[in-house]
Amino acid sequence: MAMSEISRCSYHVFLSFRGEDTRKSFTDHLYTALVHLGIQTFRDDEEIERGNNIKDEIEKAILHHSKISIVVFSKNYAASTWCLNELVMILEHKKSAKHIVLPVFYDVDPSQVKNQTGSYAEAFTQHEQNFESETNMVQRWRNALKEVADIGGMVLQDRHESQFILDIVKEVQNKLHLISLYVPPYLVGIDSLVTQINQWLEQDGANKVCIATICGIGGIGKTTIAKVVYNQNIPRFEGYSFLADVRETSQDCNGLVRLQRQLISDILKGKSHKIYNIDNGINKIKEVVCCRRVLLVLDDVDELEKIRKLMGTQIPFHPGSKIIITSRTRYLLNAHFISQMFDLEASRSCGGLSKQFEVKELASSESLQLFNWYAFGHNFVPESSMAYARSLVKHCGGLPLALQVFGSSLSSKSVSSWKSALEKLEEISDSKIQKILRISYDSLEDDHDKNLFLDIVCLFIGKDKDYTTTILDGCDFYTTIGIENLVGSSLLIINEKNKLMMHQMIRDMGREIIRQESSDIGKRSRLWHKNAFDVIREKI
C-alpha cells in the first residue's frame with residue numbers, strides 16, 4: 001500500500017509490532033479479529049516501502065488518523081530500531097493529542113520491557129555499540145520503553161492466545177465506545193463469501209433497497225458470516241439492527257414484541273419506545289425505517305410468515321437500505337413475498353434486487369486448519385497427533401461448529417483421549433452433528449461442569465453472566481471457573497453484552513440429554529419454558 005493511499009484513510013487502530021516475531025502468527029490473528037468486528041486497523045509492516053521522509057509520512061498518514069495505537073511487545077522487539085523509533089513517535093503523539101496507547105506484552109513480561117533485561121538487555125548492548133555517537137537517541141529508546149511499561153496494558157502470561165485476543169478486542173471496543181457483535185477469534189474459509197456479500201451491499205447504489213439470504217445447513221457458519229458483514233458495514237448506514245434467533249425468539253411469549261422493541265431501539269441508537277402489541281410495533285417500525293438508510297439482519301428465519309408478523313407488509317424502507325436474512329431454507333425468498341414486503345413506491349426500486357448466498361462445507365484443508373486452531377492454538381499439528389487429527393476432522397463433515405467444539409474439547413488432552421474420541425466417532429455411522437457435539441459434552445472433566453452446562457441450557461441462556469453467577473453460586477456451584485471451562489470447550493459464549501449465549505445446536509444437544517432421562521416430563525432433572533408450565537398444570 002503506497003503512502004499516498006494511506007494518507008486518505010482513517011483508522012481506529014494503528015498496530016505496531018516486530019514483523020519477524022509475530023507477523024504471521026499472533027499479530028495476524030489480532031488484526032483479523034479487529035477487522036472482522038468492523039474496527040478499521042492499519043498494521044505497520046516492515047515490508048512497506050520506506051522513503052527518505054518516512055517518519056513524517058507515518059506520523060501524518062497514520063498517527064494523526066488513528067485513535068489508538070496497539071504496541072505488541074515480543075521477545076525481539078527491542079532489536080528493531082524501526083520499532084523503537086516508532087514507539088517514541090507514538091508516545092510523543094500521546095502527549096500532544098488525545099491518542100490512546102495500549103501496550104500488549106505477548107511473550108515478554110512488562111518488567112523486562114521497563115528495565116530492559118533479558119533479550120532487551122542484549123538488544124541494547126548491540127545498540128550502544130552501533131550508535132556510540134548517538135547516546136541521546138539510545139536513551140530516548142530506553143525512556144520510551146520505561147514509559148510505555150508504566151502505562152500497564154495487557155499481558156498474555158498463561159492464557160490461551162484466542163482468549164487473549166478477545167480480551168484485547170473488547171478493551172479496544174470499550175475505549176472506542178464501539179458496539180460490535182461477537183465473532184469467534186479463529187475464522188477460516190469465509191473471506192471469499194464475505195467479500196461477495198460486501199460487494200453486493202455496495203454495487204447496487206444508494207437508491208436501491210436490496211434483500212438477500214445467507215443459506216446453509218445448521219452449524220455451517222451462516223450467523224458468523226452475517227455478523228462479520230454486519231460489523232464491517234454498520235458505519236455506512238444511518239441505522240442498523242441485528243435480530244438474532246428470530247425463529248426461536250418469535251415462539252416465546254411476547255417474543256415478537258421483544259424483537260420489535262430491539263429493532264426500533266437499535267435503529268434509534270438506544271432510545272426506548274413502549275410497544276403495546278404486535279400491530280403497534282409494526283407501525284413504529286415503519287416510522288423509523290422510512291427516513292434513514294438501514295442495515296437490517298434477521299438471523300435464523302425458518303418461514304416468511306415470521307417476517308410478516310414482525311414487520312408487516314408494504315414496509316417503506318428508505319432508499320439504500322439493505323436486508324439480510326440467514327436461513328436453513330434455501331429458497332426462502334420469492335417474488336410474491338418481496339412485492340408484499342416492500343412499499344415499492346416509497347422505496348423507489350426493489351425489482352430484481354434479491355440475492356442468495358449459499359454457505360458450503362469447508363474443504364478438507366480448511367477443516368484441518370480450523371480444527372488445529374482450537375485443538376492446538378496454532379496451525380501446526382504435532383506428529384503424534386497428525387493421523388488422529390485428520391481422521392477426526394473427516395468425521396466432522398466440514399461443519400465449522402463441530403470442528404470448533406470438538407477441537408476445543410480435545411485441547412491439551414492426551415493421545416489416548418484422542419484415540420478414544422476417534423473410536424466414539426467411528427461408531428456414529430451417520431455422522432449426525434448432535435452425536436458429535438455430545439462427545440464434547442462427555443469429555444468435560446467432571447460432573448460439576450456437566451451439571452452447570454445443563455442448568456445453563458435450560459434456564460440461563462441470554463442471561464447476564466454476573467446475574468447467573470450470583471444465582472448459581474448459591475446452589476453449590478463454582479460458577480466462575482465452571483463458566484470458564486465451558487467457554488474453553490466452546491460450549492458457551494459470553495457475548496459483547498456480557499450475556500451467556502450458545503449455538504442452538506449445542507442447546508438442543510443439552511436439552512436432548514435431559515429428555516433422554518425419562519419419557520415422563522415430570523421425572524426429568526430439569527425443565528424449561530413450555531415443559532415447566534405443562535408439569536405445573538398437571539400438578540394443580
Side-chain angles (χ1 to χ4, degrees), residues 33 37 154-171 173-174 179-186 219 223-224 227 244-245 248 373-375 377 400-413 417 436-514 525-529:
L37 286 174
M154 309 191 70
V155 187
L156 174 60
Q157 293 180 325
D158 296 326
R159 277 186 285 180
H160 291 293
E161 278 191 23
S162 57
Q163 186 59 50
F164 187 46
I165 288 172
L166 290 179
D167 292 343
I168 295 170
V169 170
K170 188 173 183 179
E171 183 69 15
Q173 288 177 306
N174 290 338
I179 301 298
S180 297
L181 300 176
Y182 168 85
V183 294
Y186 303 128
T223 300
T224 296
K227 285 181 176 181
D245 301 319
E248 180 75 15
W373 281 120
Y374 282 98
L401 176 64
L403 292 160
Q404 175 185 340
V405 173
F406 209 49
S408 297
S409 70
L410 291 173
S411 179
S412 303
K413 296 292 180 67
S417 297
I436 295 174
L437 297 177
R438 172 63 189 261
I439 295 175
S440 300
Y441 165 82
D442 291 337
S443 71
L444 291 172
E445 295 291 343
D446 51 41
D447 289 341
H448 172 275
D449 288 354
K450 292 179 180 178
N451 285 321
L452 177 63
F453 170 75
L454 294 178
D455 278 0
I456 291 173
V457 158
C458 294
L459 299 170
F460 295 102
I461 296 176
K463 303 298 183 184
D464 182 78
K465 174 190 170 186
D466 298 332
Y467 165 79
T468 303
T469 300
T470 300
I471 297 296
L472 293 179
D473 278 351
C475 301
D476 296 326
F477 277 110
Y478 301 100
T479 315
T480 300
I481 186 63
I483 286 176
E484 288 179 4
N485 292 338
L486 295 177
V487 171
S489 298
S490 292
L491 292 172
L492 186 66
I493 294 168
I494 302 171
N495 74 2
E496 65 280 353
K497 296 180 180 179
N498 203 43
K499 295 185 182 298
L500 301 181
M501 307 299 292
M502 66 177 62
H503 194 283
Q504 62 187 27
M505 297 187 75
I506 296 176
R507 178 208 63 194
D508 292 345
M509 177 269 292
R511 292 181 178 178
E512 182 59 28
I513 290 172
I514 296 167
S525 62
R526 298 162 178 84
L527 301 171
W528 61 91
H529 300 315

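Just the heavy atoms: all of them, side chains too, but no hydrogens, waters or symmetry mates, feed the values below.
Under a 3.5 Å cut-off, the side chain of Ser408 and the backbone N or O of Val405 do not form any donor-acceptor pair.
With sequence neighbours excluded, the residues that form a side chain to side chain contact (heavy atoms under 4.5 Å, CB included) with Ala375 are Phe371, Trp418. Legend: residues meeting salt bridge (Lys or Arg N to Asp or Glu O under 4.0 Å) with Asp473, ordered by chain and number and at least two apart, are absent. The side chain to side chain contact (heavy atoms under 4.5 Å, CB included) check on Ser412 picks up nothing, with sequence neighbours excluded. Annotation: salt bridge (Lys or Arg N to Asp or Glu O under 4.0 Å) contacts of Asp464 (sequence neighbours excluded): none. For Asp508, there are no side-chain hydrogen bond (donor to acceptor under 3.5 Å, both in side chains) partners at least two apart in sequence or on another chain. Annotation: side chain to side chain contact (heavy atoms under 4.5 Å, CB included) contacts of Lys450 (sequence neighbours excluded): Tyr441, Leu444, Asp447. The salt bridge (Lys or Arg N to Asp or Glu O under 4.0 Å) check on Glu161 picks up nothing, with sequence neighbours excluded. Legend: residues meeting side-chain hydrogen bond (donor to acceptor under 3.5 Å, both in side chains) with Ser411, ordered by chain and number and at least two apart, are absent. Glu484 pairs by the side-chain hydrogen bond (donor to acceptor under 3.5 Å, both in side chains) definition with nothing, not counting sequence neighbours. Under the rule for a side-chain hydrogen bond (donor to acceptor under 3.5 Å, both in side chains), the partners of Arg526 that lie at least two apart in sequence or sit in another chain are Asn451, Asp455. His448 pairs by the ring pair (Phe, Tyr, Trp, His ring centres under 6.0 Å) definition with Phe477, Tyr478, not counting sequence neighbours.
Within the model, atoms CE of Met154 and CZ of Arg159 stand 5.5 Å from one another, a figure rounded to the nearest 0.5 Å. Atom-to-atom distance recorded for Leu410:CG and Phe406:CZ is 5.0 Å, nearest 0.5 angstrom. Here the CG atom belonging to Leu37 is positioned 8.5 Å from the CD atom belonging to Glu496, to the nearest 0.5 angstrom. Separation of atoms CD1 (Ile456) and CG (Leu459) is listed at 10.0 Å; rounding is to 0.5 Å. Of the inter-residue distances, the one linking Lys465 atom NZ with Thr470 atom OG1 reads 11.5 Å to the nearest 0.5 angstrom. To the nearest 0.5 Å, the span separating OG1 on Thr480 from CG on Asp466 amounts to 8.5 Å.
Among Ile461, Asn485, Ile483, the one residue that satisfies the side chain to side chain contact (heavy atoms under 4.5 Å, CB included) test with Leu492 is Ile483.
Under the 4.5 Å side-chain criterion, counting only non-hydrogen atoms from C-beta, Asp449 is not in contact with Phe453. Counting heavy atoms from C-beta on, the side chains of Val487 and Ile493 never come closer than 4.5 Å. Taking 4.5 Å as the limit, every side-chain heavy atom of Lys499 sits out of range of all side-chain heavy atoms of Tyr182. Between Leu454 and Ser525, every side-chain heavy-atom pair lies at or beyond the 4.5 Å cut-off.
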Checking Val457 against Arg511 for the side chain to side chain contact (heavy atoms under 4.5 Å, CB included) test, could you report, in this order, the C-alpha distance in whole Å, the side-chain angles of both residues, the deciding distance, and whether it holds? CA-CA 7 Å; Val457 158; Arg511 292 181 178 178; 3.3 Å; yes

Can Thr479 and Ile471 be said to form a side chain to side chain contact (heavy atoms under 4.5 Å, CB included), step by step? CA-CA 9 Å; Thr479 315; Ile471 297 296; over 6 Å; no

Test side chain to side chain contact (heavy atoms under 4.5 Å, CB included) on Trp373 and Ser162 and set out the steps. CA-CA 9 Å; Trp373 281 120; Ser162 57; over 6 Å; no

Working for side chain to side chain contact (heavy atoms under 4.5 Å, CB included), residues Leu166 and Gln163: CA-CA 5 Å; Leu166 290 179; Gln163 186 59 50; 4.2 Å; yes

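Residues Tyr467 and Phe460 come closest through the heavy atom pair CE2-CE2, 4.4 Å. What you find for Pro185 and Tyr374 is that their closest heavy atoms are CD-OH, 4.0 Å. Residues Met501 and Gly462 come closest through the heavy atom pair SD-CA, 3.7 Å.
Residue-environment remark: NZ (Lys413) exceeds the threshold of 12 foreign heavy atoms within 6.0 Å.
Classification of Glu512 and Arg438 as a salt-bridged pair fails, no side-chain N sitting under 4.0 Å from a carboxylate O.
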